[in-house]
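Read through the structure below, which is laid out as structure tokens, and then see the notes.
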Amino acid sequence: MASHSDTLVVFFGATAGANGGKLGSDEREIILLVWQIVDLHEKKVGKLHRCLVKPDTLELTDQCKEDTGLTAEDLVEAEPLDKVLQQFQQSVSSEVKCLGRNSFTLCVDSPHVIRQALHPEASKKNLVLPECFFSFVDVKKEFHKCCPNASPVQKLTFTSMLEYVGLPAVSEQSMGEMEVSSMVQLTLQILAEPYSKQTYVVNVFFLSSFSSKTEPVDSETVIRARGLPWQSSDQDIARFFKGLSIAKGGVALCLNAQGRRNGEALVRFISSEHRDLALERHKHHMGSRYIEVYKATGEEFLKIAGGTSNEVAQFLSKENQVIIRMRGLPFTATPQEVLSFLGSESPVTDGGEGLLFVKYPDGRPTGDAFVLFSCEEYAQNALKRHKQILGKRYIELFRSTAAEVQQVLNRYMSAPLISTLPPSPMMPVSVLTTPPYLPAASSTRDCVRLRGLPYTAGIEDILEFMGEHTVDIKPHGVHMVLNQQGRPSGDAFIQMKSPDKSFMVAQKCHKKTMKDRYVEVFQCSTEEMSIVLMGGTLNRSGLSPPPCKLPCLSPPTAYAAFPTPPSILSEALYQPPLLAAPRPHQTITHSPAHTLAYYPPQPHMYMNMNMNYTAYYPSPPVSPSTVGYFAAPPGSVAAAVAAQPHPAAAAASSVLPQHGALVRMQGLPYNTGVKDILSFFQGYQLQPDGVLILYNFSGQCSGEALITFHSEEIARRAVAERSNHSFYGQQVHLVLCN
């Protein structure tokens with residue numbers, strides 16, 4: 001911003017700690033202010049003013065005492081900062097009026113005194129600064145502009161600048177007076193000619209905005225703040241960086257895997273100069289917490305704050321809005337019910353247009369929503385409804401940001417991906433050579449169930465918990481039970497060598513402590529363990545078989561009594577997703593050898609579950625949601641797979657019948673059924689049971705399927721003719737598998 005003011009107020013400040021180029025970096029309070037008025041038009045100089053400021057903490061560093069010549073005793077009788085600022089305003093206004101002027105501009109030797117000392121301290125003490133402290137002229141930058149052949153701005157000193165223009169050095173010895181007198185001489189020398197001076201502005205407010213993933217972001221302008229209180233908002237972060245100019249929409253709060261804030265934020269500033277000043281606030285305090293500040297990249301910022309959704313862009317296009325996030329809404333909640341819940345005292349911007357419901361890719365509601373309010377008062381009224389009831393559920397409300405809207409929408413709307421990478425290098429080859437076995441269902445009570453485990457507990461913790469009884473565990477006999485998100489459920493099953501051993505463990509280990517939590521230990525049978533590992537539950541009324549999420553794809557007696565022989569489980573670190581094929585309804589005659597279809601891990605079917613278990617003694621974790629098998633009737637595709645050998649590097653063709661040609665179908669809608677795919681390939685001859693839909697761990701279509709055609713010629717024709725065609729509004733891609 002250009003300034004044409006002929007009246008400057010040369011201003012200088014010092015703190016009780018670091019000064020000079022490190023001013024404000026240690027959060028110490030201001031103890032000295034010095035100023036003097038300069039009339040450039042008349043070339044007159046006003047009276048030099050020097051005021052001591054009493055800090056809240058009367059402690060001065062040794063370096064400060066040496067630089068300023070002040071002691072704590074000198075500050076006892078001084079006025080606090082708010083009083084001194086009032087004196088400054090009154091004194092300057094009176095002198096400017098006497099000069100016949102009606103405005104003035106501050107002139108400083110560096111931005112530190114304004115941006116790093118005065119504004120942060122005023123913000124912490126809730127002081128309202130006079131308007132004059134929101135713009136200033138930097139005398140060193142003006143000098144460099146007038147004398148470009150001089151040293152860089154960072155290396156300029158008052159002595160070197162005065163020497164460069166042929167002026168004598170100032171003789172005053174006291175800190176503050178010398179700096180102000182030197183700046184007065186320089187301003188009269190280099191700014192006397194009428195020309196536009198560069199005025200730097202301190203932003204008053206932070207503005208939220210929509211960020212696009214295609215927007216270029218300079219990595220030299222981004223920092224990462226760590227250690228934030230979980231309830232902090234973007235405005236709280238802007239207040240922490242008070243005095244610095246954050247780019248519009250430049251605060252992105254980071255979320256963890258559960259969609260909750262993790263105490264980190266990425267902040268984008270308008271320039272690298274402001275970023276460098278922000279880095280000097282490393283370990284400054286927000287309330288009672290210190291905040292770590294590090295460099296970050298533009299790519300990291302866009303990963304958190306960037307978005308591509310037109311719906312989000314339209315929602316966030318209304319500027320200067322307060323965003324509130326609602327969590328825990330009933331899935332049947334309508335916009336009108338939400339508006340009624342918030343009440344008339346907190347009207348939503350544009351009514352229903354100010355509501356954004358978060359949904360899964362298939363359109364199902366997640367229970368989250370974002371709401372826009374036009375002012376802080378309405379938002380505060382809405383927050384008073386926190387944990388009040390809507391329908392039969394209590395609703396959580398808390399402040400949110402534009403970047404959080406992007407993150408939540410991106411997380412829920414992103415399609416579940418199936419990696420095309422080869423098996424993880426973390427997989428020891430030797431593990432695959434000796435796969436463990438799930439024992440035949442039996443009523444023999446030679447197992448124990450551990451309930452109430454800490455969620456951080458691993459196999460090593462369980463072995464330590466078992467103590468002397470560890471020697472009685474069967475090989476591959478420890479089974480960690482994970483939930484559908486792949487995280488520990490707090491349960492585990494252990495197979496012992498005999499019922500007597502399991503009885504002793506249940507007696508001696510019941511309610512022993514593991515990591516400050518007591519763990520319940522119950523004796524149970526192999527049958528009960530098998531039911532839980534297949535997704536069922538154990539309760540006081542007996543056994544509850546696992547729910548059949550795909551009734552049309554599973555035989556009606558899939559879980560009846562579990563009279564099964566040992567069935568192979570994969571020890572792969574990443575278990576394959578569930579595969580299901582259409583099967584005709586038929587009555588199954590139980591035989592001594594029911595077939596369990598095993599789907600060996602294939603390179604194109606890995607689902608990253610992030611199971612960070614590296615110890616495989618006595619077995620890797622096994623979870624009902626990661627076991628890739630269903631009971632299958634004889635003659636089906638699944639049964640054909642079960643009859644196949646299990647080499648460590650099985651080919652993709654082992655999942656399907658050997659005859660015909662395999663095609664991979666990608667980009668399917670998430671409510672796709674087998675009939676939809678058969679209709680899409682009407683006119684092409686498919687193998688019986690030739691459609692395999694890949695499902696994720698929550699039992700939903702993953703967006704991919706494997707199709708077996710009668711011959712390679714038919715498969716190639718289908719790929720050529722049907723690839724990239726529309727499938728219920730979505731473009732699907734076909735790939736011929738070798």
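What you see below is based on every heavy atom in this structure, not just the backbone, and it leaves out hydrogens, waters and symmetry mates.
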Go through the steps to decide whether Gln388 and Phe341 satisfy the test side-chain contact (heavy atoms from CB on, under 4.5 Å), and finish with yes or no. CA-CA 9 Å; Gln388 293 195 17; Phe341 172 80; 4.0 Å; yes
Beyond-backbone contact of Asp461 with Met514, side-chain heavy atoms, under 4.5 angstrom: yes
Donor-acceptor pair, distance only, cut-off 3.5 Å: does the side chain of Glu300 make one with the backbone of Leu266? no
side-chain contact (heavy atoms from CB on, under 4.5 Å) between Val338 and Phe357, worked out: CA-CA 10 Å; Val338 174; Phe357 288 92; 3.8 Å; yes
Indicate yes or no for a side-chain donor-acceptor contact from Arg289 to the backbone of Gly227 under 3.5 Å, with no hydrogens or angles considered. yes
Reported CG-to-CG distance for the pair Leu678 and Leu686, which is rounded to 0.5 angstrom: 6.5 Å
Under 3.5 Å: donor-acceptor pair, side chain of Asn381, backbone of Glu345: yes
Would you check if Thr297 and Val222 make a side-chain contact, meaning some heavy-atom pair closer than 4.5 Å? no
Using a 4.5 Å cut-off on heavy atoms from C-beta on, say whether the side chain of Phe370 contacts that of Val408. yes
Could you check whether Arg364 makes a cation-pi contact with Phe331, meaning its NZ or CZ is under 6.0 Å from the centre of the six-membered ring and within 45° of the ring axis? no
Side-chain heavy-atom pair Leu453, Ile462 within 4.5 angstrom cut-off: yes
More than 12 heavy atoms of other residues, nucleotides or ligands under 6.0 Å from OH of Tyr378: yes or no? no
Closest heavy-atom pair, Leu253 versus Ala265, reported as atoms and distance to 0.1 Å, is CD2-CB, 3.9 Å
Are side-chain N/O atoms of Glu404 and Thr401 paired as donor and acceptor at under 3.5 Å? no
Are side-chain heavy atoms of Phe398 and Ile324 found at a separation under 4.5 Å? no
Whether the side chain of Ser374 engages the backbone of Thr349 through a donor-acceptor N/O pair (distance < 3.5 Å, no angle test) should be reported. no
How far apart are the closest heavy atoms of Glu337 and Leu390, and which atoms are they? O-CD1, 4.2 Å
Spell out, as yes or no, whether a donor-acceptor pair under 3.5 Å connects the side chain of Gln731 to the backbone of Asn724. yes
Pair Leu372-Asp350, side-chain contact (heavy atoms from CB on, under 4.5 Å): steps then yes or no: CA-CA 9 Å; Leu372 294 179; Asp350 297 336; over 6 Å; no
What pair of heavy atoms forms the shortest contact from Tyr394 to Lys387, and how long is it? CB-O, 3.7 Å
Rounding to 0.5 Å, atoms CZ (Phe727) and CG (Leu734) come to a distance of 10.5 Å
Work out which heavy atom in Gln406 is nearest to a heavy atom in Ala305; give both atom names and the distance. CG-O, 3.3 Å
Does CD in Gln380 sit with more than 12 non-hydrogen atoms of other residues, nucleotides or ligands closer than 6.0 Å? yes
For Pro365 against Lys359, the heavy-atom pair lying closest together: CA-CG, 4.2 Å
Using only heavy-atom distances, determine whether the side chains of Asp236 and Ser233 contain a donor-acceptor pair under 3.5 Å. yes
Are any non-hydrogen side-chain atoms of Val521 and Ile494 less than 4.5 angstrom apart? no
Would you check if the side chain of Arg261 reaches a backbone N or O of Ser232 as a donor-acceptor pair within less than 3.5 Å? yes
What distance separates Ile389 CD1 from Ile395 CD1, expressed to the nearest 0.5 Å? 7.5 Å
Is there side-chain contact between Glu396 and Met326, with at least one heavy-atom pair below 4.5 Å? no
Test the Arg722-Phe681 pair against the cation-pi criterion, namely NZ or CZ under 6.0 angstrom from the six-membered ring centroid and within 45° of the ring axis. no
In this structure, CZ of Phe680 is separated from CG of Leu668 (nearest 0.5 Å) by 9.0 Å
For residues Leu342 and Ala382, report the shortest heavy-atom separation together with the two atoms involved. CD2-CB, 4.1 Å
Output for pair (Phe240 CZ, Ile246 CD1), nearest 0.5 Å, gives 10.5 Å
Atom pair CD1 (Ile677) and CD1 (Ile693), whose distance is rounded to the nearest 0.5 Å: 4.5 Å
For side-chain contact (heavy atoms from CB on, under 4.5 Å), just list the numbers for Glu704 and Arg664, CA-CA rounded to whole Å, side-chain angles, deciding distance to a tenth of an Å, and then say yes or no. CA-CA 7 Å; Glu704 300 197 8; Arg664 184 177 183 180; 2.6 Å; yes
Any side-chain heavy-atom pair from Leu450 and Val448 closer than 4.5 angstrom? yes
